[in-house]
Amino acid sequence: MENTATDFIRDIVREDLRLGKNDGKVQTRWPPEPNGYIHVGHAKGFLLAYEIAQEFGGTFNLRFDDTNPAKEEQEFVDGIIEDMRWLGVDWRSVFFASDYFEQLYEWAELLIEAGKAYVCDLSPEEVSAYRGTAIEKDGQVITLPGKDSPYRNRSPEENLSLFRRMRAGEFPDGARTLRAKIDMAHPNLNMRDPVMYRILRATHHRQGDAWCIYPTYDWAHGQSDAIEGVTHSTCDLGFENHRPLYDWFLDQLPIRTRPRQIEYGRLNLTHTVTSKRWLRQLVEGGHVSGWDDPRMPTLRGMRRRGYTPEGIRAFVRATGVTKSQGIVDAALLEHFQRQDLNRTSPRVMAVLDPVRLVVTNYPEGEVEWLDAVNNPEDPSAGTRKVPFSRVLFIEREDFLLDPPSKFFRLAPGREVRLRYAYFVRCVDVVQDAHGEIIEIRCTYDPATRGGDAPDGRKVKATLHWVSAAHAVDLEARLYDDLFTNDDPTEVAAGQTWLDNLNPSSLVVACGKGEPSLRDARPAERFQFERKGYFCLDPDSSADRVVVNRTVGLRDTWAKSQATPG
RNA sequence: UAGGGCGUAGCCAAGCGGAAAGGCAGCGGCCUUUGGAGCCGCCAUUCGGAGGUUCGAAUCCUCCCGCCCUAACCA
């Protein structure tokens, strides 16, 4: 794979290698919690870890961070694996933090025996108060120094006994915790005797009811990295101030390898949200059709929309790896999608807003099968036959009764080319009682068959079209930004972030497509000439063709119309 | 408030003491049987601000300003 990318994390890996750390090995991992489906932001995370392992001849593993049975489900582990595979990522092994519960438990006893952990009977509110959690005072937020828990000085023997009874299920949920004995005055709140175990009776998706105490993230994460032999443990900036704790735990344990946590800024995209909490609300609130709604930034949403794995990877790569927190313009994602789709998508003609065009001097009942190029970017894609006949459909917006000067398309008396077919000249227009155009009447020049005029005359426009008698009906789902503003988390006074939803993020059009579309398979991608990239939706059936617009073509004409002047 | 981070063009982002890469967006033009694609050109006298060190600073030092994160028995 061609990837000369470099960034501060790769610099660290390179330097560690140069210094001979970790016996010259590189091992990375990606540790999702199986509590939802993954999105582009996650893709940045695992692509980074995966590609680093590849570039440095190392190992990449997938590990599910399943330490909270209350939120996790098998459905999501399956979904995450499926989505990662689709993006083209693979791994040496799939691990589960829950497989380390016994080891973690033993290590916890080790800490207790060393006087480094204790069982605490404080309630969550009390823990928070003793910790010196920030409070508001005189309009100012202040942080108080922490106070020792009254249970902090229990003997190792008593702690061990209590901890074993916790595991044995002798106490109710939430009654006690095991806490690390670090420093209640530490400026980093994470170091003020963090909780290592909580009592929680919930059925774990893999462990069933084997446990009623569960390790917290902090007590499980670094240890899992160490057990697996991870050398470089990447995560997002949100975990920066957990690093001292990550290191502290590792310092107490008899481990053979020493993982290093490195944080990077997460990927945010304009006009969408990338937070499982918000995405879940969109799904559960019915604002989208599901986790795979084509407007969702989830990998399955993007897949259904027709985005290509290559395009997504190129996009993620282009955004770089830094510690700054930015919002990347969604136009960059679209750019990489168009770039990939342009060279790979077969072209097809489809009309999204059809209006009848009758070629008055073309023989009734006659059909010609004309040659059309499948992909001008790829000669090996070959050609296909497209039927031409007397009655056609063209795009309603390609005709104007009274065109402005810059409008090159069809108008009364004007001649244009029908792609791969003939030059036609508009000779008449039929309107209904409301002035709505119901039929455009043209004559064609038989000498221009294929689209070239032997006399060398030029036309200013080439239109796409379909033969009415041969057309397949299309339900075209046209997507726009899910949210109207760049950053949907910015909420106007008196509103919620849901008020930022774009009411026209989905528009359904009833179109007409060339007959080859009848044989399309779900997920198959096309370029509808002059309109955009589309793919077949799984909602399609034998008598219904449903397509999703992945992304439109760049349209400088529409743009110039949108901003007159 | 404390602790941890971050500030280079509209958006990402290189740069690490010798004198502002690149991509996206935008704007012109060429070309075109997709107003697509492609091609060419333009787009930061300046790097959050102010001082200082230096022959020389986006890069080093000092102070200031702004923004973000954390303060769950979530991850």
Side-chain angles (χ1 to χ4, degrees), chain A residues 6-7 31-33 35 65-68 70-72 120 122-124 127-128 131-137 140-145 173-179 186-192 194-200 213-214 216-218 220-221 235-244 263 265 267 270 276 315 318-336 338-339 342-343 347 349 372-373 376-377 406-409 417-421 423 450-452 459-464 486 527-532 552-560:
Chain A
T6 198
D7 52 65
E33 181 185 19
N35 67 345
D65 224 336
D66 54 348
T67 57
N68 185 359
K71 292 186 173 178
E72 298 149 6
C120 180
L122 256 24
S123 69
V127 168
S128 177
R131 184 133 54 207
T133 294
I135 55 163
E136 223 177 290
K137 192 179 168 194
Q140 289 242 298
V141 179
I142 58 168
T143 306
L144 276 17
D173 285 8
R176 295 182 216 259
T177 56
L178 182 72
R179 291 229 255 163
H186 198 106
N188 181 338
L189 287 282
N190 286 125
M191 298 297 274
R192 321 246 263 224
V195 170
M196 295 167 64
Y197 278 95
R198 69 284 207 183
I199 303 173
L200 175 61
I213 58 172
Y214 287 93
T216 55
Y217 164 84
D218 287 307
H221 203 91
C235 61
D236 74 66
L237 254 19
F239 295 97
E240 239 169 348
N241 35 25
H242 287 251
R243 189 173 358 109
E263 313 85 9
L267 171 63
T270 57
K276 275 187 195 164
F315 162 71
T319 61
V321 180
T322 68
K323 298 192 78 151
S324 66
Q325 285 278 159
I327 301 183
V328 178
D329 194 332
L332 189 64
L333 209 209
E334 298 195 335
H335 163 78
F336 283 105
R338 289 192 187 103
Q339 183 176 280
N342 176 50
R343 40 171 212 257
R347 269 96 243 238
M349 291 199 283
V373 173
E377 303 293 320
K406 290 286 173 41
F407 185 85
F408 303 149
R409 281 106 100 149
R417 171 169 39 232
L418 294 180
R419 185 152 224 225
Y420 301 126
F423 282 16
D452 277 312
V459 287
K460 294 187 86 175
T462 300
L463 308 187
H464 58 101
D486 278 9
Q527 183 196 100
F528 286 180
E529 295 222 30
R530 302 210 302 135
K531 297 270 75 177
L553 254 27
R554 283 188 69 226
D555 189 346
T556 48
W557 164 247
K559 199 175 297 172
S560 70

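A quick note: this is a predicted structure, and the numbers were derived from the prediction, not measured. Order of the sequence lines sets the chain letters (A, B, ...), proteins ahead of strands, with each chain counted from 1.
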Asker: Hey, are A/Lys323 and A/Glu240 close enough for a salt bridge, meaning a charged N less than 4.0 Å from a carboxylate O?
Answerer: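 A/Glu240 and A/Lys323: salt-bridged.
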Asker: Quick one: is B/G35 close enough that its OP1 or OP2 comes under 4.0 Å of any side-chain N or O from A/Thr462?
Answerer: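 Checking B/G35 against A/Thr462, no side-chain N or O comes under 4.0 Å of OP1 or OP2.
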Asker: Sort out the partner of B/G3 for me: Watson-Crick or G-U wobble, both distances under 3.5 Å, none otherwise.
Answerer: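 Matched B/G3 with B/C69 under the 3.5 Å cut-off.
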Asker: Does B/U34 have its OP1 or OP2 closer than 4.0 Å to a side-chain nitrogen or oxygen of A/His464?
Answerer: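 Answer no for this pair, as no side-chain N or O of A/His464 is under 4.0 Å from OP1 or OP2.
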Asker: Please find the pair of heavy atoms, one from A/Gln339 and one from A/Arg343, that lie closest to each other, and give the distance.
Answerer: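 That closest heavy-atom pairing would be O-CG, 3.4 Å.
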Asker: In whole Å, what is the span from the CG atom of A/Asp7 to the P atom of B/A13?
Answerer: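 In whole Å, B/A13 P and A/Asp7 CG are 11 Å from each other.
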Asker: To the nearest angstrom, how far is A/Asp555 atom CG from B/G36 atom C1'?
Answerer: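 The distance from CG of A/Asp555 to C1' of B/G36 comes to 9 Å, rounded to the nearest Å.
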Asker: Give me the distance, rounded to whole Å, that separates B/C12 from B/C47 when you measure between the C1' atoms they each carry.
Answerer: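 Each nucleotide's C1' atom is 16 Å from the other's.
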Asker: Using atom C1' of each nucleotide, how far apart are B/C27 and B/C64 to the nearest Å?
Answerer: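 Straight-line distance between the two C1' atoms is 38 Å.
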Asker: Between B/A50 and B/A13, how far apart are the two C1' atoms, rounded to whole Å?
Answerer: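 It works out to 27 Å between them.
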Asker: Rounded to whole angstrom units, what separation is found between the CG atom of A/Asp236 and the P atom of B/C6?
Answerer: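 From A/Asp236 CG to B/C6 P: 15 Å.
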Asker: Produce the list of close N/O pairs, under 3.5 Å, pairing protein atoms with atoms of nucleotides 9-12 of chain B; give distances to one decimal.
Answerer:
residue	atom	partner	partner atom	Å
B/C11	O3'	A/Ile327	O	3.4
B/C11	O2'	A/Ile327	O	2.9
B/C11	O2'	A/Asp329	N	3.4
B/C12	OP1	A/Ile327	N	3.3
B/C12	O2'	A/Thr319	O	3.1

Asker: Could you measure between the two P atoms, the one in B/A2 and the one in B/C63, and give it in whole Å?
Answerer: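 Approximately 15 Å lies between the P atom of B/A2 and that of B/C63.
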Asker: What is the nucleic acid contact for A/Glu240, judged by heavy atoms within less than 4.0 Å: base, sugar-phosphate only, or nothing?
Answerer: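 It contacts sugar-phosphate atoms only.
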Asker: Scan A/Arg417 against the nucleic acid and name what it touches under 4.0 Å (heavy atoms): base, sugar-phosphate only, or nothing.
Answerer: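 Base contact.
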Asker: Write down the distance separating the C1' atoms in B/G17 and B/U59, rounded off to the nearest Å.
Answerer: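 Nearest-Å result for B/G17 against B/U59 at atom C1': 7 Å.
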Asker: Rounded to the nearest 0.5 Å, how far apart are OG1 of A/Thr462 and CZ of A/Arg530?
Answerer: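 That separation rounds to 8.0 Å.
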Asker: Just verifying a value: how many Å separate A/Asn188 CG and A/His186 NE2, rounded to the nearest 0.5 Å?
Answerer: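 Between A/Asn188 CG and A/His186 NE2, I get 5.0 Å after rounding to 0.5 Å.
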Asker: Using a 4.0 Å heavy-atom cut-off across all strands, classify A/Pro145 as base, sugar-phosphate, or nothing.
Answerer: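 Nothing, no heavy atom under 4.0 Å.
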Asker: Could you work out the separation of B/G38 and B/C24 based on their P atoms and round it to a whole Å?
Answerer: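 Each nucleotide's P atom is 9 Å from the other's.
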Asker: Measure from the side chain of A/Asn342, starting at C-beta and using heavy atoms only, and say which of B/G35, B/U34, B/A37 lies closest.
Answerer: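 Shortest atom-to-atom distance from the side chain points to B/A37.
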Asker: Is A/Phe239 close to A/Tyr217 at the side-chain level, that is, under 4.5 Å between some pair of heavy atoms?
Answerer: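 With C-beta onward as the side chain, the pair touches.
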Asker: Write down the distance between CZ (A/Arg530) and P (B/U34), rounded to a whole number of angstrom.
Answerer: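 Rounded to whole Å, this separation is 10 Å.
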Asker: Nearest 0.5 Å, what's the OG1-CE distance between A/Thr216 and A/Met196?
Answerer: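 Going from OG1 on A/Thr216 over to CE on A/Met196, the span is 7.5 Å.
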Asker: Ignoring hydrogens and angles, answer whether the base of B/G35 and the side-chain atoms of A/Arg409 contain a donor-acceptor pair closer than 3.5 Å.
Answerer: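 Counting by modelled atom types and ignoring angles, a donor-acceptor contact under 3.5 Å is found here.
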Asker: Mind checking the P distance from B/C61 to B/A21? Whole angstroms is fine.
Answerer: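 It works out to 25 Å between them.
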Asker: With the side chain counted from C-beta on, respond yes when A/Arg347 and A/Glu377 share a heavy-atom pair under 4.5 Å apart, and no when they do not.
Answerer: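 Yes; the side chains approach each other to less than 4.5 Å.
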Asker: In this structure, how many angstroms lie between the P atom of B/C24 and the CG atom of A/Leu333, rounded?
Answerer: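 Whole-Å distance recorded here is 14 Å.
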Asker: Is there a side-chain contact between A/Ser560 and A/Lys406 in this structure, where contact means two heavy atoms from C-beta onward sitting under 4.5 Å apart?
Answerer: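 When only atoms from C-beta onward are counted, A/Lys406 and A/Ser560 do not touch, as no gap falls below 4.5 Å.
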Asker: Base, sugar-phosphate, or nothing: which does A/Phe423 touch, judged by heavy atoms less than 4.0 Å apart?
Answerer: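 Nothing: the residue A/Phe423, judged by heavy atoms under 4.0 Å, touches no strand.
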Asker: Measure CZ/A/Arg419 against C1'/B/U34 and give the value in whole Å, please.
Answerer: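 Rounded to the whole Å, the gap is 5 Å.
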Asker: Please list, pair by pair, any protein nitrogen or oxygen found under 3.5 Å from a nitrogen or oxygen in nucleotides 69-75 of chain B.
Answerer:
residue	atom	partner	partner atom	Å
B/A71	O2'	A/Thr133	OG1	3.3
B/C73	OP2	A/Arg131	NH2	2.4
B/C73	N3	A/Gly174	O	3.2
B/C73	N4	A/Leu122	O	2.8
B/C73	N4	A/Pro124	N	3.3
B/C73	N4	A/Gly174	O	3.1
B/C74	OP2	A/Arg198	NE	2.9
B/C74	OP2	A/Arg198	NH2	2.8
B/C74	O3'	A/Arg198	NH2	3.2
B/C74	O2'	A/Asn68	ND2	2.9
B/A75	OP1	A/Thr67	OG1	2.8
B/A75	OP1	A/Arg198	NH1	3.1
B/A75	OP1	A/Arg198	NH2	2.9
B/A75	OP2	A/Tyr217	N	2.7
B/A75	O3'	A/Asp65	OD2	3.4
B/A75	N6	A/His242	NE2	3.0

Asker: Which whole-number value in Å describes the distance from A/Leu418 CG to B/U34 C1'?
Answerer: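 Rounded to the whole Å, the gap is 13 Å.
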Asker: Determine the minimum heavy-atom distance between A/Asn35 and A/Lys71, stating which atoms define it.
Answerer: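 Reported closest heavy-atom pair: CB-O, 3.4 Å.
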Asker: Taking atom P of B/A25 as reference, at what distance in whole Å does atom CG of A/Asp486 sit?
Answerer: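 About 15 Å, once rounded to whole Å.
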Asker: To the nearest 0.5 Å, what is the distance between CE on A/Met349 and OH on A/Tyr420?
Answerer: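 Reported value, rounded in 0.5 Å steps: 7.5 Å.
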Asker: B/G4 base to A/Glu263 side chain: any donor-acceptor pair below 3.5 Å?
Answerer: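 Such a pair does not exist between side chain and base.
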Asker: Once you apply a heavy-atom cut-off of 4.0 Å, does A/Lys406 come out as touching a base, just sugar-phosphate, or nothing?
Answerer: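 If one applies the 4.0 Å heavy-atom cut-off, A/Lys406 turns out to touch a base.
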Asker: May I ask you to verify if any side-chain N or O of A/Lys559 is less than 4.0 angstrom from the OP1 or OP2 atom of B/G26?
Answerer: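 Yes, because at least one side-chain N or O of A/Lys559 sits under 4.0 Å from OP1 or OP2 of B/G26.
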Asker: Using the C1' atom as the reference point in each nucleotide, state the distance between B/C43 and B/G4 in Å, no decimals.
Answerer: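 Rounded to whole Å, the distance is 37 Å.
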Asker: First locate atom NE2 of A/His464, then atom CG of A/Leu418, and finally report the distance between them rounded to the nearest 0.5 Å.
Answerer: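 CG of A/Leu418 is found 10.5 Å from NE2 of A/His464.
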Asker: How long is the straight-line distance from CZ of A/Arg554 back to CZ of A/Arg338, given to the nearest 0.5 Å?
Answerer: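 A/Arg338 CZ to A/Arg554 CZ: 7.5 Å, rounded to 0.5 Å.
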Asker: Is there a Watson-Crick or G-U wobble partner for B/C27 with both distances under 3.5 Å, and which nucleotide is it?
Answerer: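 By the stated definition (distances under 3.5 Å), B/G41 pairs with B/C27.
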